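The structure presented is a predicted model; accordingly, all values stated were derived computationally and were not measured.
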Amino acid sequence: MQSAFSLSFSQSSLTLPNRPLSSPNAAPRNLRFCGLRREAFGFSPPKQLNSCRFQVKSRRIEVSAAAGGNGAPSNKSFDYDLVIIGAGVGGHGAALHAVEKGLKTAIIEGDVVGGTCVNRGCVPSKALLAVSGRMRELQNEHHMKSFGLQVSAAGYDRQGVADHASNLATKIRNNLTNSMKALGVDILTGFGSVLGPQKVKYGKDNVITAKDIIIATGSVPFVPKGIEVDGKTVITSDHALKLESVPDWIAIVGSGYIGLEFSDVYTALGSEVTFIEALDQLMPGFDPEISKLAQRVLINPRKIDYHTGVFASKITPAKDGRPVMIELIDAKTKEHKDTLEVDAALIATGRAPFTNGLGLENINVATQRGFIPVDERMRVIDGNGKLVPNLYCIGDANGKLMLAHAASAQGISVVEQVTGRDHVLNHLSIPAACFTHPEISMVGLTEPQAREKAEKEGFKVSIAKTSFKANTKALAENEGEGLAKMIYRPDNGEILGVHIFGLHAADLIHEASNAIALGTRIQDIKLAVHAHPTLSEVVDELFKAAKVESPASTTPQSVKAAV
């Protein structure tokens with residue numbers, strides 16, 4: 001499938017976190033979901049005043065110990081309490097949380113601190129998208145006149161735009177490095193691999209031991225067979241973020257969020273774009289209703305055409321005065337359909353896990369399509385289906401949810417576990433966003449996924465919608481194009497999924513994400529107060545539009561009392 005949309009859930013991720021602990025006879029010590037202790041759900045026994053004072057005092061001791069730096073390992077038979085292979089966003093989040101918990105921690109980086117997100121992904125792409133947003137607004141004469149503004153012809157300096165993205169990546173990378181150094185995390189340089197249980201090698205011949213090990217090696221751009229990448233005219237997202245050129249006509253293979261974001265950048269800077277999508281519709285993976293509206297706004301009015309239901313079976317870089325050649329075949333019949341000649345081609349067909357050379361054979365672990373198999377607690381599973389003691393894998397390398405903030409959340413979850421608090425991360429509560437103009441965001445299930453789940457489990461699904469055209473702040477910005485959609489259970493008010501297309505959708509989604517994480521029901525959150533006039537009222541109206549059959553609250557009293 002040549003789609004760049006990598007927001008994929010594993011089978012275990014689609015199951016709400018209601019599984020028993022690893023041992024059927026084990027009692028939950030302090031089971032937490034998405035950062036909430038079980039006490040938040042009303043399971044806490046009454047506390048005496050003395051115990052409260054003791055807990056506060058203990059917390060002070062813990063914080064002061066963590067602030068003192070990276071101390072001796074709690075188990076002196078190991079060099080470290082925790083070693084993390086990979087210093088991307090996931091590894092960084094785990095390292096900081098581990099030091100806060102008092103663990104002696106080392107992080108191994110074979111490339112550069114920050115990984116894909118900071119250096120070749122989220123961070124530089126948002127810098128380019130910030131430029132494209134401003135260019136798009138300044139070039140829209142009708143939009144500017146509606147404010148009473150007159151703007152002369154807008155232009156840009158390509159190298160200046162590229163420098164903005166590069167400088168931002170450097171700044172964030174330095175911030176991450178400094179934050180770890182300030183807390184005493186040992187940063188070890190060199191490629192890391194697992195030599196055996198609780199033993200890691202990095203660089204040429206450096207060997208260290210650790211009570212627990214986290215693999216956080218991330219991913220690399222996936223390039224299908226038959227495509228020749230030269231880094232100049234046939235490029236991946238890694239190359240595109242350097243913005244070494246702005247081609248007149250560029251083909252983008254894959255119309256997921258990576259392809260969409262780059263189409264936003266290139267068209268704002270003057271390029272014509274052709275999408276090549278293997279599935280029968282653009283934007284696979286998004287909620288169908290949202291993708292239909294987004295296509296009308298983000299694709300149809302712009303200099304974008306597309307081919308769907310086709311594979312790019314062969315792509316040859318430009319050379320000897322000839323353009324980039326792209327051979328298209330039918331995705332089903334594999335028959336030749338067309339040949340395109342363009343100035344450049346961007347391969348946005350998703351990402352592949354970076355798991356080669358990690359020494360997995362030393363611990364009898366076999367990858368599945370390159371991904372390291374893990375359970376719901378990120379514990380690595382070996383070739384016999386058994387857990388590998390003290391070994392975890394987070395982020396893109398395990399394939400559960402290929403998003404930077406998901407990797408960080410998984411890393412924090414692992415640290416919670418190794419410090420004695422069992423924690424299961426609900427991946428259905430993790431939001432995702434596409435930073436086009438306007439933006440797209442989502443959390444939970446799409447409507448087809450929700451209806452499939454409802455049919456299997458025997459409950460009804462309802463839909464609530466609200467438009468940005470009814471929002472005062474959006475209209476003040478002349479940005480009334482947009483839709484918010486919520487999928488929910490009318491019998492009990494459970495939120496199954498929320499999808500937003502519109503101004504600042506990436507920021508608006510978190511209220512719904514947190515509601516899913518906390519288990520908040522619609523009948524409770526619809527009573528919350530939102531400032532007026534703000535875009536947050538789009539989500540407020542969404543909750544108020546829902547019709548729940550049972551008016552009774554299902555949110556635990558302890559949660560409401562805390563609020």
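Environment of CD in Gln150: sparse, with no more than 12 heavy atoms of neighbouring residues, nucleotides or ligands closer than 6.0 Å. The neighbour count for Arg134 CZ, taken as heavy atoms of other residues, nucleotides or ligands under 6.0 Å away, does not exceed 12. Shown here is Lys544, whose NZ atom has more than 12 heavy atoms of other residues, nucleotides or ligands within 6.0 Å. In this structure, Gln159 places its CD atom where more than 12 heavy-atom neighbours from other residues, nucleotides or ligands lie under 6.0 Å away.
No donor-acceptor pair under 3.5 Å is formed between the side chain of Ser513 and the backbone N or O of His510. Checking side-chain atoms of Asp264 against main-chain N and O of Ser132 turns up no donor-acceptor pair under 3.5 Å. Put simply, the side chain of Ser125 gets close to the backbone of Gly121: a donor and an acceptor are under 3.5 Å apart. No donor-acceptor pair closer than 3.5 Å links the side chain of Arg489 to the backbone N or O of Leu496. Remark: side-chain polar atoms of Thr308 are not paired, donor with acceptor, to backbone N or O of Leu282 under 3.5 angstrom. Side-chain atoms of Ser408 do not come within 3.5 Å of backbone N or O of Gly90 as any donor-acceptor pair. A donor-acceptor pair is defined here as one N or O able to donate and one able to accept, closer than 3.5 Å; no such pair exists between the side chain of Asn119 and the backbone of Ala169. One N or O on the side chain of Tyr156 and one on the backbone of Leu269 form a donor-acceptor pair closer than 3.5 Å. A donor-acceptor contact shorter than 3.5 Å is absent between the side chain of Tyr257 and the backbone of Thr436. Of the possible donor and acceptor atoms, one in the side chain of Thr349 sits under 3.5 Å from a partner among the backbone N and O of Phe222.
With contacts defined as side-chain heavy-atom distances shorter than 4.5 Å, the pair Ser441/Pro431 does not qualify. Side-chain contact between His532 and Glu537 is present, with heavy atoms from C-beta onward closer than 4.5 Å. For the pair Glu477/Leu535, no side-chain contact is recorded, criterion being any heavy-atom separation below 4.5 Å from C-beta on. Within the 4.5 Å cutoff, no side-chain heavy atoms of Phe262 are placed close to those of Ile250.
Between Pro353 and Asp396, the closest heavy-atom pair is CB-O, 4.0 Å. In terms of heavy atoms, Leu542 sits closest to Ala484 at CD1-O, 3.5 Å. Ile326 and Val342 make their closest contact through CD1-CG2, 3.9 Å (heavy atoms, listed as atom of the first residue, atom of the second, distance). What you find for Ala407 and Gly395 is that their closest heavy atoms are CB-CA, 3.5 Å. The minimum heavy-atom distance between Ala404 and Val89, with the atom names listed, is O-CG1, 3.7 Å. The shortest heavy-atom contact between Gln295 and Pro301 is O-CD, 4.4 Å.
Distance check: Phe275 CZ to Leu346 CG gives 9.0 Å after rounding to the nearest 0.5 Å. In this structure, the separation between CG on Leu340 and CG on Leu328 is 4.5 Å, given to the nearest 0.5 Å. To the nearest 0.5 Å, the span separating CD on Glu416 from NE2 on His97 amounts to 3.5 Å. Note that CD of Glu511 is 3.5 Å distant from NE2 of His530, once rounded to the nearest 0.5 Å. Distance check: Leu279 CG to Ser255 OG gives 7.5 Å after rounding to the nearest 0.5 Å. If you take OG1 on Thr466 and CZ on Phe543, they are separated by 11.5 Å, rounding to the nearest 0.5 Å.
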Are Thr274 and Asp305 close enough, and set up right, to give a side chain to side chain donor-acceptor pair (under 3.5 Å), and what steps lead you there?
-> CA-CA 5 Å; Thr274 296; Asp305 66 353; 2.5 Å; yes

Chi angles and distances behind the side chain to side chain contact (heavy atoms under 4.5 Å, CB included) call for Met283, Leu260 = CA-CA 8 Å; Met283 302 173 60; Leu260 280 175; 3.7 Å; yes

Can you check side chain to side chain contact (heavy atoms under 4.5 Å, CB included) on His307 and Glu277, steps first, answer last?
-> CA-CA 6 Å; His307 299 266; Glu277 174 56 56; over 6 Å; no

Starting from the C-alpha separation in whole Å, work towards a yes-or-no answer on side chain to side chain donor-acceptor pair (under 3.5 Å) for His499 and Glu289.
-> CA-CA 9 Å; His499 304 264; Glu289 188 172 9; over 6 Å; no

Stepwise side chain to side chain contact (heavy atoms under 4.5 Å, CB included) check, Glu100 with Leu183 | CA-CA 8 Å; Glu100 179 187 340; Leu183 289 174; over 6 Å; no

Candidate pair Glu137 and His437, rule side chain to side chain contact (heavy atoms under 4.5 Å, CB included), full reasoning | CA-CA 10 Å; Glu137 186 172 25; His437 297 89; over 6 Å; no

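Side-chain contact of His427 with Glu376: a donor-acceptor pair under 3.5 Å is absent, judged by distance alone. Side-chain N/O atoms of Arg136 and Thr267 include a donor and acceptor closer than 3.5 Å. With hydrogens and angles left out, the side-chain atoms of Thr236 and His239 include a donor and acceptor closer than 3.5 Å.
Under 4.0 Å is where a charged nitrogen must lie from a carboxylate oxygen, and between Glu447 and Lys485 at least one such pair does. We find that Lys126 and Glu261 are joined by a salt bridge, their nearest charged nitrogen and carboxylate oxygen being less than 4.0 Å apart. In summary, Arg451 and Glu455 do not engage in a salt bridge, as defined by a charged side-chain N under 4.0 Å from a carboxylate O.
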